[in-house]
Every structure is written in C-alpha cells, then in structure tokens.
**Student:** 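Below you'll find the structure I mean.
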Amino acid sequence: MELPVTPRVSERTDIPVGELYVDRLPLAPEKRRALLAQALHDAAQTAGSDTGTLLRVHDVLADPDGAAHAVAGADSARSPLEAAGDAVLASVPARLAMTEGGSLAEAAGMDTVRGTPTLHIAPPVQRTSLVPRPWSLNPLTRLWHRLTRRADPDPLLRDSPDPRGVWSHAGRRRRWLLLALMIAQTSLATHFMADVLPYHGADPLEFSVLTLFVLLFGWVSAGFWTAVMGFFTLLFGGDRYMISRMAAGDAPIEAQARTAIVMPICNEDVARVFAGLRATYESLAKTGDLDRFDVFILSDSNDTNICTAEVDAWQSLCRAVDGFGRIFYRRRQRRVKRKSGNLDDFCRRWGGAYRYMVVLDADSVMSGECLTKLVRLMEGHPSAGLIQTAPLAAGRETFYARVQQFAGRVYGPLFTAGLHYWQLGESHYWGHNAIIRMKPFIEHCALAPMPGKGALSGPILSHDFVEAALMRRAGWGVWIAYDLQGSYEEMPPNLLDELKRDRRWCQGNLMNFKLFMAEGMHPVHRAVFVTGVMAYISAPLWFLFLILSTCLLAKHTLVVPEYFSAPRQLFPLWPEWHPERAVALFTATATMLFLPKILAVVLIWVKGAKRFGGALPVTLSMIIELVFSALLAPVRMLFHTQFVLAALTGIAIQWKSPPREDAETHWGEAFRRHGLHTLLGAAWGGIVYWLNPNFIWWLMPIVGAMMLSIPLSVFSSRVSLGRGLKRLSLFLIPEESWPPKELRWTEKYALETRPGPDFIATVVDPIANALACATVPPTHDDPRHRATRAKQVESALLMGPKRLSGAQKWALINDPRALSQLHAAVWTDPRAHREWRDARANGLRQGYLESA
C-alpha cells in the first residue's frame, strides 16, 4: 500500500504532537480517533499540556480501562524523563499488538523482567560449563613431567570412544603411500632441477633455489596425488570407508536427538541471511522432522542499523513460517573471541539441551534432507564427533564468482574425495555446514588463548581446524561426507573481496601452526596445521624462488664464471646448460598443476555433462578457467606475501564480514590495490629483458599477469560479463541449470524482503521502538545507571542521530529504558535536534508498520 508523503514539521506546525503521534500508529481511523479522544480527555482532567497528551496516549495504550492511567506521574521520586520512559515501556505490549499479522506479544510470548516487557526471543538459559584447558606446547616439559610422574591422565579422555577400527589402520597405510609417492616424485623432480642449474646446486645461490624448489614441489605433489585419488574414488563409485555407508538409513530420529541449527552472523546483509535461513527452515519442515530441530541466530553485529533490521527480520521470519518458539535470536552484548566466542556463548547457555549442533555461515543454505541425513549419520556412527559436508558454491553472477563456482563444482569434488581417501575419520572441519556432537565439543573443544606475545598469540582466529584436532585428540572421529547433497554456500564476488577474506585466514593459520607440537594431537591434524600454513607461506616462498632465480640469471650474465672455487682444486668446475631438462621439468610441473583439472572434466564426460551445459561448453570453460587462474596466481602470490609479512610483524588485521551481494570493483580501488604490483611487474620484466631477452619468455606469465592485474581485477568483477557467459552456457553448473528448490527460495525471499528499520526508526517510530525495547535484555535500574542513562539520552536528543558515534548508538539500543526515554523525548521535548523533528514529521512507516 502506498503511504502518503507527510510534509516536514516546519510545514505542519498546526498539528499537535499527540495527534501526529497517534497518526503514526497502524490503527484504523476510528480507533485512532477514539484513542486520541480518550487521551485528550484525560489530559484535560489533569490540566495536561500537549506533551502530557502524548504521554496519556501511552497510558491509555497500557491500560485502556483507565485503572492506572497516570503511569507517567505515578512515582514522584523519578524524573519527568524517567516517568515518560516508564509510560513508553508500559505501552510496549499494546504497540506490538498493532504489528502486521496480529499481536507479536501473543505470538512470541512476553514476560516482565525488571519492570520491562520482554519478548521470548530465546529459550530459558540452561547453563553448561565450558572451560578451556591451557595449551601444552613444549614436548621437553611434557617429557620431564612424565619422568617425574607429574603428568596425570586427563579424566575426560577415559570414556572417549577412541575409534581404532579397520578404517583407522587403512588410513594409516594410505598416508604412508601418499608420503612415499610425494618423496619419490619430489626426488625425481629435484634431480632434474639440479641438472638444469649450471653448477648442479653446488653454488650457494643455486643451493638456495634448489631448497625452495623441494618445498614448493612437495606442496604441489601433495595436491596432485590428492586429486588423482579423488578422481579414481569418484570414478569407481566411492570409498568403502565413506561415512555415508555407516548410516542408519531412513530410521526415525529419536525424540531425544535434539539438534540446534546455529548461525553466527556479524554485520551481514540481513535480507540474504534471513532469506537463506527461511529456505533452509521450510525445506526442513517438509521432511516431517522439524520438531527435532531448533534454530538459533547468534548475532555479533555492532552496526546499529543492522542490529535493528535483524530484530525485525527475526519476527518477520517467525511470522512467515510459524517459527515462534523454534527460531530464536540472540545478540551478544560482550563481543569476545569473534565467531568461536559466539559459539562458546551458545554452548554455555543452551548447548546442554541438545545432542547435536549444525553450524551454518551467514551465506549457508542447506536442504532438509541434508540436515536430517546428518543427524542419522551421527546416530548411526556413535564414535563420530563431527561430520563436515562439502558445500557447493552457487548464487553469484559476477564473472569472477562464476569462474570460482565452476572451479569449485568441477574440481572441488576430486580434492574433497581425495582428502577423505587419505584422512578418513581424521579429517578437516571448515567451520560451517557441519554437524557436531555437543557433549564432546563442550568437554574438549573450548579454545584457550594462544600463549606468548605478539601477533601470533591471544584468542585463536581460525578456530575450525583447532576444534577438529581437539575432537580427534579426545578420541572422536572427524569425517567429511563428501557425497552428501544439499549443502550450499556463496563465493566472494570479486578478487579483492576474496583477498580480504584470505588476509583473515592467513593470520589464523599461521597462529595455528604453534599447535603443531601441542600435546596429544593426532599426526594427521599436525599435518593439517602444516598444510594450513603452507597455503599461505608458499606464496612468499614462491616469490623468493623467483627472485633468487632472477639473481642467478644476473650472476651468470654479469659475473665472470668461477671455475676454481676451492683451494688446490685440480680440475675446473664447468657450468653446464641442459635446456632439454628444463623443458622436461617445466612440462612435468605443468602436468601436475593442470592434470587434475583435465581429470575433473573427464569425470564429467563420463558421468554426464548435460547439467554443465554439455561436453564442449564444459571443456571450453575449463580452458578459460585454466588461463584465468594462471593469470591470477602471481597476483595472489604478491598479496599473500604481504599478508604473511603483516601477520609476522604484528600489523593489525581488520575483521569485516565479506559482502553477500554481487559487488563490482571500480577502477579507483583497483589502481590503489594493484598499482604497485603493476609497476613491479613492469620493472622486473624490464630488468630480465635487459639481462637476457631470451629468458623473458619464461618469466612473462608472471610479470605479464602483474602488469594486467588492474584490468583483470576490474573486468572479472563485472556482473554483465558473468551473465553473458552464462547465456553461452560457459561456466554453467548444475545449481544454475537446474537450481535446487532451496536456492530458488533463497533468491525469491531475498528479493521480496522489505527494508527493515534503521536506528532513527527505532528511536522515533512507535512500532519499531516497541520491538527494539522488547527484544533487549533489560539493564539494571539503580541510581548510578540512571545518571549515566540520563546523560546518554540528553546527548542523543541534542546532538541528533548523525552526530552520534557508533558506541553511543550501541549503548542506546542495548538499554530499553534509555531507548524508551529517548523515544519520549524526541516527541515531547522542544529541544530535540532538527533531525529528530524531521524524522517524526516525515513519518517512518514502512511495510512492516501497516496494519493487517
């Protein structure tokens, strides 16, 4: 319904404030007139002013029969502002009864806590102890404690399942095979590399290059064999030890097998978050097992506009799916330890009431079948502590995101199946789209701060790898259900946003490496810590390898060869050149890098390429992606090198939520981020060309990509380019050609979502204010808090909303008494800032304020 545009307050000086306020209430005209008439009658009897009329409106709303209508002046010990705030608080249930769909107080339930009407937005707290144990990182100290018998066995580990069945022995044999393959392959490649070098590694500079080559080639070899084994696993129908073959089938889920679906969020796109959650909830409802699940939205948001929109989105979601009493919302006041702290807070408050917990990210969507299957897997595998799904990326339309979605959908299954093949029940946890057994998680997976000083100490940042390691240390299996369908996530829309995420992950993985020597860790998870570090350390190692190779070129070009490098050397040391070995080594390395991608496309040919657009489009897409990823590799190398140096030197990391929409990169931002890299590529290429023009062709894939980084970053972020390629069936994935219902619903609900109230609406609008006051735990009301609150309200009233700091707004929305007092003040106090007066005159009614 179209709402009339109300003139500004300067144009409406003839309308009394009380009448203007009543006009904001979503009531039928006759009810508005009756309410205003009763308020005017009461105000006249008490010789009230126009301001008094407004407070009588709240009195009448709180007590229509008039038995105690003088709420505003009931307590002479309270200031006029406090009395007005009390009147506003008392009318909260009546104002919530005017919301679309009926009384919110009746739908959700409401109690009076510390004199404040409070909605049931979360279940009663059931406290559970969650105590992190300090890290034991020094093996020599542990050995001394054992020798002196000062090390007592952990009593919590005595009853662990310690699953060491057939799969455990199979996993050990497989990992020895992987190690043998890596050593053999790296040794052969190192032999060829030594032959390529003029002095075969005898020169100190050449030895340094050779050492870096061994590390980097071994890293590539691990990924290669993981993909190869994943290919054969998928080609021949799976692994005999896969977790999905140990399930209880379609057996009914026990009533005691309660599962909490938890979604930690922090300053996210509210419409996208709640659209995905609604799609997940409705899909779960269709399974018939909804009564076994509860949903918790765990907010760490501190942007007041987002916080108020989240509360409105929660009540809208609950109304849409009849989710009151099953969908809960919690916003932390004390935001510590980021996401892991948010989960710790949930576990302490409500974790003991549930057998399992499914953790979602803000962009996660899961089908009901996937969720119920996860629960049945846990029920059928009592020694499993954690089962991770393999989420598929979908939902983006920029060229960059569509390429990454294609790569994840086509190549990802090979690597995920390969990881499972090598790790089995000692696998990864990626922090979301996974199910966790609550009891061992609470007992064993609380995270103590990392000891020491500096950037790599303090609260653990990348908690997921550590929690998986602690779960396995306690004897519980950690699995990847790589074949489980119905688990989805979203990719960053452009290169720069992906790099912002990588910067956060980089510091977290470097910090986790300190746990390599932690007590009791399984060897597989020690290796996981190594791979987490290598994912980022490989960038500066590669960069250093290229720099040293350039130095070698300069040395052999500018310096006279040294034939006698040792005293009393009888025979000269002649430099040897074997270009054919260099070509063979380059070919072998390229094969290792690109063969997994070719195998992935071959697998699609075998299984059926129709859902990927056909055999030819998927092949062309693979070739384009191969070139695109080769161009991005040097750019990522430079950024990751910066991230590693920043983490090691203690430069602060800004933790910001990645965008949840198709954000495009502008030219100005691309020049700021890639400008120095472009100059470096040009200068580096010029130096190499000056040294040896023939060598520039070997280096051109590196320096050429650096010089193209600005247009590459800009054009790859274009939505139009992504959509154009989609029309040509390029980079098409099954989730685009035949979207599952959960993704269709998510897109539909996100488009239909109306804007929620912002901070100004929460202060000025009667309904938005009532909702905000009723969804925040009430604060203490002692004299000290009253004095602080009065100063906060006074400052906000006089400064106006735009001049308030984020901390001031945060304090106001987290104190229902302060919020109610400010609501009364902006409507009644003539000193109210012009911005408040304009807001109340212009009217802030939106779709959620319309009456049914």
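When reading the values below, keep in mind they use all heavy atoms of this one structure, side chains included, and skip hydrogens, waters and symmetry mates.
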**Student:** Counting only heavy atoms not in K610, do more than 12 fall under 6.0 Å of its NZ?
**Tutor:** no

**Student:** Look at E268 together with R272 and state whether they make a salt bridge at an N to O cut-off of under 4.0 Å.
**Tutor:**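 Salt bridge absent between E268 and R272.
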
**Student:** Quick check: H666 with F671 (ring centres under 6.0 Å apart)?
**Tutor:**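 Not close enough - the centres of the two rings lie 6.0 Å or further apart.
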
**Student:** For the backbone of H432 and the side chain of D361, can you confirm whether one donor and one acceptor N or O come within less than 3.5 Å of each other?
**Tutor:** no

**Student:** Could you give the distance from OH (Y329) to CD1 (I297), rounded to the nearest 0.5 Å?
**Tutor:** 8.0 Å

**Student:** I'd like to know if the side chain of T389 pairs up with that of N433 as donor and acceptor (distance under 3.5 Å, no hydrogens or angles considered).
**Tutor:**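 On atom types as modelled, these side chains do not qualify, holding no pair under 3.5 Å.
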
**Student:** For this output row, return yes or no: ring centroids of F296 and F346 closer than 6.0 angstrom.
**Tutor:** yes

**Student:** For residues T372 and F293, determine if any side-chain heavy atom of one lies less than 4.5 Å from a side-chain heavy atom of the other.
**Tutor:** yes

**Student:** My understanding is that only one of R332, R338, R335 makes a side chain to side chain donor-acceptor pair (under 3.5 Å) with D300; could you say which?
**Tutor:**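 That would be R332.
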
**Student:** What's the spacing between L461 CG and K339 NZ if we round to 0.5 Å?
**Tutor:**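 Answer for the CG-NZ pair, L461 versus K339, is 13.0 Å.
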
**Student:** Examine distances only and state if a side-chain atom of W314 and a backbone atom of I327 form a donor-acceptor pair shorter than 3.5 Å.
**Tutor:** yes

**Student:** Going by the angle between their ring planes, with limits at 30° and 60°, are Y429 and H463 parallel, tilted or perpendicular?
**Tutor:** perpendicular

**Student:** Within this structure, what is the OG1-CG distance for the pair T665 and N494, rounded to the nearest 0.5 Å?
**Tutor:** 3.5 Å

**Student:** Using only heavy-atom distances, determine whether the side chains of E310 and S299 contain a donor-acceptor pair under 3.5 Å.
**Tutor:** yes

**Student:** CH2 of W738: more than 12 outside heavy atoms within 6.0 angstrom?
**Tutor:**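 Result for CH2/W738: enclosed.
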
**Student:** Would one find more than 12 heavy atoms of other residues, nucleotides or ligands at under 6.0 Å from atom CG of L676?
**Tutor:** no

**Student:** Let me see the working for L360 and M366 under side chain to side chain contact (heavy atoms under 4.5 Å, CB included), right down to the final yes or no.
**Tutor:** CA-CA 9 Å; L360 303 182; M366 295 185 74; 3.3 Å; yes

**Student:** Under the criterion salt bridge (Lys or Arg N to Asp or Glu O under 4.0 Å), I'd like the reasoning laid out for R402 against E397: C-alpha separation, chi angles, the key distance, then a yes or no.
**Tutor:** CA-CA 6 Å; R402 292 199 66 245; E397 292 196 295; over 6 Å; no

**Student:** Would you kindly say whether H428 and Q423 are connected by a side-chain donor-acceptor distance under 3.5 Å?
**Tutor:** yes

**Student:** Hey, are E742 and S283 close enough side-chain-wise for a donor-acceptor pair under 3.5 Å?
**Tutor:**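 Side-chain D/A pair, S283 to E742: present.
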
**Student:** Under a plain distance cut-off of 3.5 Å, with no hydrogens placed, do D483 and S244 share a side-chain donor-acceptor pair?
**Tutor:**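 The answer is yes; a qualifying pair exists.
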
**Student:** Are K286 and E282 ion-paired here, with the side-chain N under 4.0 Å from a carboxylate O?
**Tutor:**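 So K286 does not pair with E282 through a salt bridge.
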
**Student:** Once the angle between the rings of Y411 and F406 is folded into 0 to 90°, is it parallel (under 30°), tilted (30 to 60°) or perpendicular (over 60°)?
**Tutor:** perpendicular

**Student:** Evaluate the ring planes of H677 and H674, with Trp represented by its six-membered ring, and classify them as parallel (under 30°), tilted (30 to 60°) or perpendicular (over 60°).
**Tutor:** perpendicular

**Student:** Mind checking the CD1-OG1 spacing from I760 to T304? Nearest 0.5 Å is all I need.
**Tutor:** 9.5 Å

**Student:** For R673, does the CZ atom have more than 12 heavy-atom neighbours from other residues, nucleotides or ligands under 6.0 Å away?
**Tutor:** no

**Student:** With distance as the sole criterion, is a donor-acceptor pair present between the side chains of R319 and Q315 under 3.5 Å?
**Tutor:**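 Short answer, yes.
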
**Student:** Ring centres of W667 and F715 under 6.0 Å apart?
**Tutor:** yes

**Student:** Who passes salt bridge (charged side-chain N to carboxylate O under 4.0 Å, His left out) against K597, sequence neighbours left out?
**Tutor:** E625

**Student:** Of all heavy-atom pairs between R409 and P734, which one has the smallest distance, and what is that distance?
**Tutor:**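 In this case the closest contact between R409 and P734 is NH2-CG, 3.6 Å.
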
